[in-house]
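To start, the structure under review is shown below, and the notes come after it.
In this text, all values refer to a predicted model and were calculated from it rather than measured experimentally.
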Amino acid sequence: MAETVKDLELMDKIVSLCKRRGFIFPSSEIYGGINGFWDYGPYGARMKRAVEGLWWREMVETRDNVEGLDSTIICHPRVWKASGHLDQFSDLMTDCRDCKARHRIDQMENPTQCPNCKSANLTEPREFNLMMKTFVGPVFDEEHTAYLRAETCQPIFVDFNQVRVATRQKLPFGIAQIGKAFRNEINPRNFTFRSREFTQMEMEFFCDGEQGMEWFEYWKTQRIKYYKEKLGFTDDFMRIYEHEKLAHYAKAAIDIEVKFPFGWGELEGVHHRGTWDLTRHSEFSGEDLQYMDHDNSRKLMPTVIETSVGLDRSILALLCKAYAEDTADTQKEGQDTDVRIVLRLPALVAPIQAAVLPLSKKLSENAESLYRDLSRYFRTEFDVTGSIGKRYRRQDEIGTPFCITFDFDSVNDNAVTIRHRDSMEQVRVNVTQLRQYLEDQIGY
RNA sequence: GCGAGUGUAGCUCAGCUGGUAGAGCAUCACGUUGCCAACGUGAUUGUCGACGGUUCGAAUCCGUUCACUCGCUCCA
């Protein structure tokens, strides 16, 4: 993880831009903020929805064998017993008062002595549990304890049979879900990269165990292709990390990692989970979750291939990849050029795809009706304030790929100028062809 | 959770050894301009992170607390 001063500055610049322009800022800030929680402002929310929509379309809408689900955040507590989260997310820890090291009790040979400095001056063991706890019903006692889901995939396993029956799907098929997950991270870090409330986009693909590795390879390829083609991630920005140490139930696992300013970080996991989850939920619930294969007259426990994306991390990766500073002409006194901050976001996910800018306020009325029309098809914004150059820069900073300038000729020739964000070049397009032009450019 | 650092306007920051706050940018209005943050005039903005203490008087000193950053720890 080779960090340079420049990278750390870059991260600060991105955080600052996010706050200044309303992408992402700390939750509950007027009360001093709350650690590990972030709000998406107007541009962030639009971008988040765009990425969600892209994933949903890619994973669900365009596939016959993947179904959607929208399950609850709070599930029966036994779900988390079965999944192993209540046991594995919970550790007894002690701190050494002398050398300040922290240790897990279950990993210490002698729980009364610090393995680091041999001191016996340890704090009382305390329970660290990453599951967020709440109570269902007005009585706050152990019996009514419930947990906010630590990942969105468990309800998918729990609802597996219901979805299968309702949709008459046969193996192989998948179930996808987008939703919030919660973890009491000990130490939230790196902006939204590790937060306590976050959004996951997960798909569990159920298949015959004999084809498990083939499907694992298939989804791995599909997901890498998605990042390259839809989000424009390049080989120097993205890498595949193959797990050497696998979870006891897993057969294979890779992480798709991205180069953040603070180092490489996981964006998505593609995991071969075997039959572990469905087997556990069968055991704990007493429901037989095996699949009846009528074609071959046999019962089998489906094997699961999981693709699991952190949506917040996707947004962060897009912003990090897109952030750039270059130079542009200026009319400022004593300067020929000026620094330009520009987000080179893919047009598919840019919060604003087209900004309609009348060259003069006198043209506002005509330009605004063009804006109304375009906003039915694209994420669009209208701005008359300040000079035209200033408005271009404002749009550059939020990553708007196309600025549509309505000028004095437009009234007569029914054409507008489209200014491209990255090249700053301009083309003249007739208003009647505008929608088609933008669709082609955006790549719908 | 431990250690170190930081916290002043939307942003970046200044404020010397205590005398109750400033600059640039941004934002808004008007004028001007009409294709890359132009210019002029004017306007808005802060319980100086919070609470408490010392003091005639605290942004400034002390304590506590909250948040953030970095390191450690954690990351099924």
Please name the pair of heavy atoms, one in Phe23(A) and one in Leu17(A), separated by the smallest distance, quoted to 0.1 Å.
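Smallest interatomic distance, heavy atoms only, reads CD1-O, 4.4 Å.
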Protein-nucleotide distance ([X], atom [atom1]; [N], atom [atom2]), rounded to Å:
X	N	atom1	atom2	value
Lys390(A)	A26(B)	NZ	C1'	7 Å
Leu17(A)	A26(B)	CG	P	15 Å
Arg391(A)	C28(B)	CZ	C1'	15 Å
Ile388(A)	C39(B)	CD1	C1'	17 Å
Tyr241(A)	C75(B)	OH	P	14 Å
Arg340(A)	C35(B)	CZ	C1'	14 Å
Ile398(A)	A37(B)	CD1	P	17 Å
Phe37(A)	C66(B)	CZ	C1'	15 Å

Please state the [atom1] separation for the pair [N] and [M] - nearest whole angstrom.
N	M	atom1	answer
U6(B)	A59(B)	C1'	15 Å
U20(B)	C56(B)	C1'	13 Å
U60(B)	C75(B)	P	41 Å
G63(B)	U55(B)	C1'	16 Å
C28(B)	A67(B)	C1'	31 Å
G22(B)	C48(B)	C1'	12 Å
A50(B)	C11(B)	P	15 Å
A21(B)	U47(B)	C1'	13 Å

Considering heavy-atom distances to RNA chain B, does Thr385(A) or Gln426(A) have its closest nucleotide positioned more toward the 5' end?
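With Thr385(A) and Gln426(A) compared, the 5'-side residue is Thr385(A).
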How do Arg273(A) and Gly36(A) order along RNA chain B: which one's closest nucleotide is nearer the 5' end?
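Closest to the 5' end, via its nearest nucleotide, is Gly36(A).
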Go ahead and name the base partner of [N]; Watson-Crick or wobble counts if both distances stay under 3.5 Å, otherwise write none.
N	value
U73(B)	none
C68(B)	G5(B)
A37(B)	none
U47(B)	none
G18(B)	none
U60(B)	none
C25(B)	G10(B)

Check ion pair Glu142(A)-Lys133(A) (N to O, under 4.0 angstrom)
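Counted as a salt bridge, because a side-chain N and a carboxylate O are separated by less than 4.0 Å.
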Short side-chain N/O contact from [X] to OP1 or OP2 of [N], under 4.0 Å:
X	N	answer
Ser387(A)	A38(B)	yes
Arg394(A)	U27(B)	yes
Lys19(A)	C11(B)	yes
Asn190(A)	U69(B)	no

Does Asp407(A) get its side chain close enough to the base of C35(B), under 3.5 Å, for a donor-acceptor pair?
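Checked by distance alone, the answer is yes.
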Go through the N and O atoms of the side chain of Arg419(A) and the base of C36(B), and report whether any donor-acceptor pair is under 3.5 Å.
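Pair found.
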Check whether any side-chain heavy atom of [X] lies under 4.5 Å from a side-chain heavy atom of [Y], and answer yes or no.
X	Y	result
Glu381(A)	Gln395(A)	yes
Tyr291(A)	Phe206(A)	no
Ile175(A)	Asp159(A)	no

For [X], report the nucleic acid contact type (base, sugar-phosphate, nothing); a contact means any heavy atom under 4.0 Å.
X	answer
Leu359(A)	base
Lys362(A)	base
Thr417(A)	base
Gly269(A)	nothing

Nearest of [options] to any side-chain atom of [X]?
X	options	value
Lys361(A)	C30(B), A26(B), C74(B)	C30(B)
Arg20(A)	G34(B), U27(B), C11(B)	C11(B)
Thr405(A)	C36(B), C75(B), C35(B)	C35(B)
Ser16(A)	C36(B), C11(B), G34(B)	C11(B)

With no hydrogens and no angle check, just 3.5 Å: does a side-chain donor-acceptor pair link Thr385(A) and Asp383(A)?
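The criterion, which ignores hydrogens and geometry beyond distance, is satisfied for Asp383(A) and Thr385(A).
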Side chains of Thr152(A) and Gln177(A): is there a donor and an acceptor less than 3.5 Å apart?
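On atom types as modelled, these side chains do not qualify, holding no pair under 3.5 Å.
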Against the six-membered ring of Phe402(A), is Arg419(A) placed for a cation-pi contact (under 6.0 Å from the centre, within 45° of the normal)?
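The answer is no; the distance or angle limit is not met.
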